[in-house]
Each structure stands twice: as C-alpha cells, then as structure tokens.
Amino acid sequence: MVFSKVHCIFEQSGTFKKAFEELGYNATDYDIEKTENTDVVTDLFKQIFLASQEKKSEVFDNINPDDLVLAFFPCTYFSDQSQLLSRGDSYGQKEWSTEKKLKHSIDLMNNRSKFYTYLCSLCLIAIKKGFKLVIENPYGKVNFLKHFFPIKPEIIIYNRKKLGDGYKKPTQFFFINCKPAFNLQNEYVENKKQKQTVEDSRGINRSIISPDFAKNFIKTFIIE
C-alpha cells in the first residue's frame with residue numbers, strides 16, 4: 001500500500017500514530033476528546049455527517065486521495081455484548097422485568113442504527129473522495145458487523161497477543177479502496193501476559209492496543 005499521510009481517527013491512545021511516525025510517516029490523530037496524543041479535537045460524528053452531506057468538513061476536506069485513514073470506530077453497539085443486552089440475556093439483566101428489557105432493547109437498537117449510519121457514511125465518503133480507509137473493530141461470534149455489514153473484513157486476527165499485544169481480543173480490519181499487504185515477519189514475540197487496559201470515553205470502552213502490536217500490524221499489513 002502506498003500513501004503520503006496517515007489520519008488516525010477515534011484513536012485516543014495515539015498508539016498507531018506514534019508507530020507510523022517511528023516508521024517515518026506523517027501522521028495526525030483526531031478524536032472527540034483532548035488527550036496528550038490528540039492533534040485535532042473535534043466531533044468526528046458531526047464531521048462524518050457534514051462530509052456525507054457534501055458540506056464543509058474540517059477533517060475530511062483536508063484528506064486527499066493519496067492519504068490513508070485508519071479508523072478505530074466505536075464498537076459499543078456492534079459487539080457480542082451488545083447483542084446479549086439487546087436480547088436481555090446479559091448476566092446483569094437477570095432480575096429485569098420483560099417491560100424493562102423491551103424498553104432497553106428499543107434504546108439500544110435506536111442507537112445502533114445511528115452509529116451504523118455513521119459507519120456506512122464514513123465508507124461512502126472514502127469511496128467518493130478516493131482515499132484509502134482501514135477500519136478496526138472487535139470480532140466475535142454474534143458481532144453485528146459480521147452478520148449485517150456489506151463489506152467483509154480483509155483481516156481477522158483471532159489472537160492479538162501473537163502480534164505482541166497484551167490482550168487476546170479478536171479483531172477485524174476492513175479495507176476500502178485498498179488491499180492489505182502480507183509481509184512475512186520473523187521478529188514477532190508473543191505477549192504471554194494477559195493484560196487489558198481500557199479507557200472509557202463518553203460511554204465508549206476502548207481496549208488500548210499495545211505499541212508492539214501497532215508496529216507489527218503496520219509492517220505486516222500496511223506498508224510495502
């Protein structure tokens with residue numbers, strides 16, 4: 001894959017941005033809240049909406065066809081856990097009445113529809129503007145995107161620890177306007193320690209990917 005600049009969106013940790021910079025690429029980090037790693041603070045959902053309506057967008061107006069966008073799109077309403085909550089089958093819902101479960105399911109489905117629209121709109125923006133887009137999201141047995149998203153993942157990593165991460169969490173990557181590279185690497189050191197770091201932002205749980213995983217992933221699947 002050949003590109004001139006990298007735009008990391010929804011990545012609060014800055015892990016991939018730093019990995020790209022270490023490999024010599026110009027990378028910018030965008031997020032909805034300010035951290036020490038965020039270069040541009042903006043409402044990314046509003047920016048997606050504006051760009052999808054062909055209106056002025058401070059983010060997408062500055063992304064060119066020869067750029068790469070790496071999106072860590074929030075997975076709250078697509079995960080396996082979300083499906084359990086929708087059905088009222090989560091452990092914490094055991095004592096809930098049927099009425100409470102139904103009302104909660106309505107709220108979840110409405111929110112899922114909203115975020116799914118944002119996700120599809122992001123893909124449509126990339127297709128129209130022609131930039132390369134890679135979307136990261138968790139993978140699971142009843143994952144919503146696995147069953148309903150028209151774009152199939154190019155890469156599914158069932159055990160992130162094998163690429164140096166501290167957490168096994170299965171992860172999928174969707175590629176729009178590009179294809180992954182498959183470079184053989186020999187220096188992987190599997191992370192044997194089960195360690196999960198989670199940040200919570202506006203109700204979004206974000207499992208932080210390790211720097212080793214980010215660098216290994218980029219060298220294997222992104223750069224030629």
Side-chain angles (χ1 to χ4, degrees), residues 1-78 114-137 145 149-151 153-155 171-181 199 201-204 206 208-209 211 213-215 217-224:
M1 190 188 303
V2 179
F3 50 91
S4 61
K5 187 176 180 180
V6 185
H7 306 265
C8 298
I9 64 176
F10 296 109
E11 196 213 6
Q12 201 169 47
S13 67
T15 304
F16 270 79
K17 182 191 80 167
K18 293 174 184 176
F20 274 112
E21 290 177 336
E22 287 180 20
L23 293 168
Y25 289 89
N26 183 357
T28 304
D29 203 6
Y30 307 77
D31 211 333
I32 55 181
E33 291 185 353
K34 177 65 177 175
T35 72
E36 60 181 353
N37 305 299
T38 311
D39 300 307
V40 178
V41 180
T42 185
D43 186 338
L44 287 166
F45 298 116
K46 180 179 180 181
Q47 295 302 312
I48 291 172
F49 172 77
L50 291 173
S52 69
Q53 300 297 309
E54 299 186 9
K55 297 181 180 179
K56 183 177 176 58
S57 166
E58 65 182 273
V59 172
F60 295 99
D61 287 352
N62 295 317
I63 297 176
N64 299 312
D66 58 348
D67 290 349
L68 167 67
V69 174
L70 188 57
F72 298 85
F73 199 90
C75 64
T76 305
Y77 299 102
F78 306 144
K114 179 176 68 175
F115 282 95
Y116 184 67
T117 298
Y118 284 130
L119 176 63
C120 291
S121 296
L122 175 61
C123 296
L124 290 168
I125 293 166
I127 291 170
K128 183 166 185 177
K129 292 180 69 69
F131 59 77
K132 301 171 181 66
L133 172 64
V134 177
I135 299 173
E136 179 272 346
N137 229 245
L145 300 183
F149 193 39
I151 301 173
E154 293 280 353
I155 297 170
T171 305
Q172 58 189 336
F173 293 85
F174 303 92
F175 285 66
I176 293 90
N177 293 334
C178 57
K179 291 290 183 182
E199 289 186 3
S201 176
R202 293 191 182 182
I204 298 170
R206 305 185 181 196
I208 306 303
I209 296 175
F213 177 92
K215 192 175 295 183
F217 181 86
I218 293 168
K219 291 166 67 176
T220 303
F221 300 114
I222 301 296
I223 60 177
E224 299 293 345

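Just the heavy atoms: all of them, side chains too, but no hydrogens, waters or symmetry mates, feed the values below. Position 1 is the first residue of the sequence; numbering continues from there.
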- Which atoms form the tightest heavy-atom contact between S13 and N37, and what is the distance? O-ND2, 2.8 Å
- Shortest non-hydrogen contact from I209 toward A214: CG2-N, 4.3 Å
- Could you list all the salt bridge (charged side-chain N to carboxylate O under 4.0 Å, His left out) pairs where at least one residue sits in residues 12-26, not counting sequence neighbours? K17-D39, E22-K215
- Quick one: CD on E11 to CG on D31, what's the gap to the nearest 0.5 Å? 8.5 Å
- From F60 atom CZ to I9 atom CD1, the distance as rounded to the nearest 0.5 Å: 4.5 Å
- So does Q53 have more than 12 non-hydrogen atoms from other groups sitting under 6.0 Å from CD? yes
- Task: Flag the pair F10 / F45 as yes when their ring centroid distance falls below 6.0 Å, and as no otherwise.
- Result: yes
- Item | Polar contact flag, side-chain donor to acceptor under 3.5 angstrom, D67-S4 | yes
- Non-hydrogen atoms of N177 and K132 that approach each other most closely: O-CG, 3.8 Å
- Item | Residues which pass side-chain contact (heavy atoms from CB on, under 4.5 Å) with P153, listed by chain and number, not counting sequence neighbours | I156, Q172, F174
- Message: If you take the centroid of each ring, where Trp contributes its six-membered ring, are F175 and F221 closer together than 6.0 Å?
- Response: no
- Query: Is there a side-chain contact between T117 and F49 (heavy atoms, below 4.5 Å)?
  - Reply: no
- Query: Which is it for L119 and F149 under the side chain to side chain contact (heavy atoms under 4.5 Å, CB included) test, yes or no, and what are the steps along the way?
  - Reply: CA-CA 10 Å; L119 176 63; F149 193 39; 4.2 Å; yes
- Any donor-acceptor pair under 3.5 Å from E58 side chain to Q47 backbone: no
- Task: Report yes if the side chains of T76 and F115 come closer than 4.5 Å at any heavy-atom pair, otherwise no.
- Result: no
- Note on the structure: Value for CD1 (I176) from CD1 (I151), rounded to nearest 0.5 Å, stands at 4.0 Å
- Message: Less than 6.0 angstrom separating the ring centers of F73 and Y118, yes or no?
- Response: no
- Message: Go through it in stages, so that I can follow the logic: the residues are E33 and T38, the test is side chain to side chain contact (heavy atoms under 4.5 Å, CB included), and I'd like the CA-CA distance, side-chain angles, deciding distance and then a yes or no.
- Response: CA-CA 8 Å; E33 291 185 353; T38 311; over 6 Å; no
- Which heavy-atom pair separates C123 from L133 by the least distance, and what is that distance? CA-CD2, 4.0 Å
- Message: To the nearest 0.5 Å, what is the distance between CD1 on I155 and CD on E136?
- Response: 12.0 Å
- Between S52 and L124, is any pair of side-chain heavy atoms under 4.5 Å apart? no
- Item | Distance-minimising heavy-atom pair for L44 and Y30 | CD1-O, 3.8 Å
- Item | Nearest-0.5 Å distance, NZ of residue K46 to CD1 of residue I32 | 14.0 Å
- Message: Could you check whether any side-chain heavy atom of F131 comes within less than 4.5 Å of a side-chain heavy atom of F3, counting everything from C-beta outward?
- Response: no
- Item | Gap between atom NZ of K128 and atom OG of S121 - 0.5 Å precision | 12.0 Å
- Is there side-chain contact between I222 and L68, with heavy atoms separated by less than 4.5 Å? yes
- Item | Which atom of L122 lies closest to which atom of I48, heavy atoms considered | N-CG2, 4.0 Å
- Should the heavy atoms of other residues, nucleotides or ligands under 6.0 Å from NZ of K34 be counted, would the total exceed 12? yes
- Message: Under the criterion side chain to side chain contact (heavy atoms under 4.5 Å, CB included), I'd like the reasoning laid out for T28 against C8: C-alpha separation, chi angles, the key distance, then a yes or no.
- Response: CA-CA 6 Å; T28 304; C8 298; over 6 Å; no
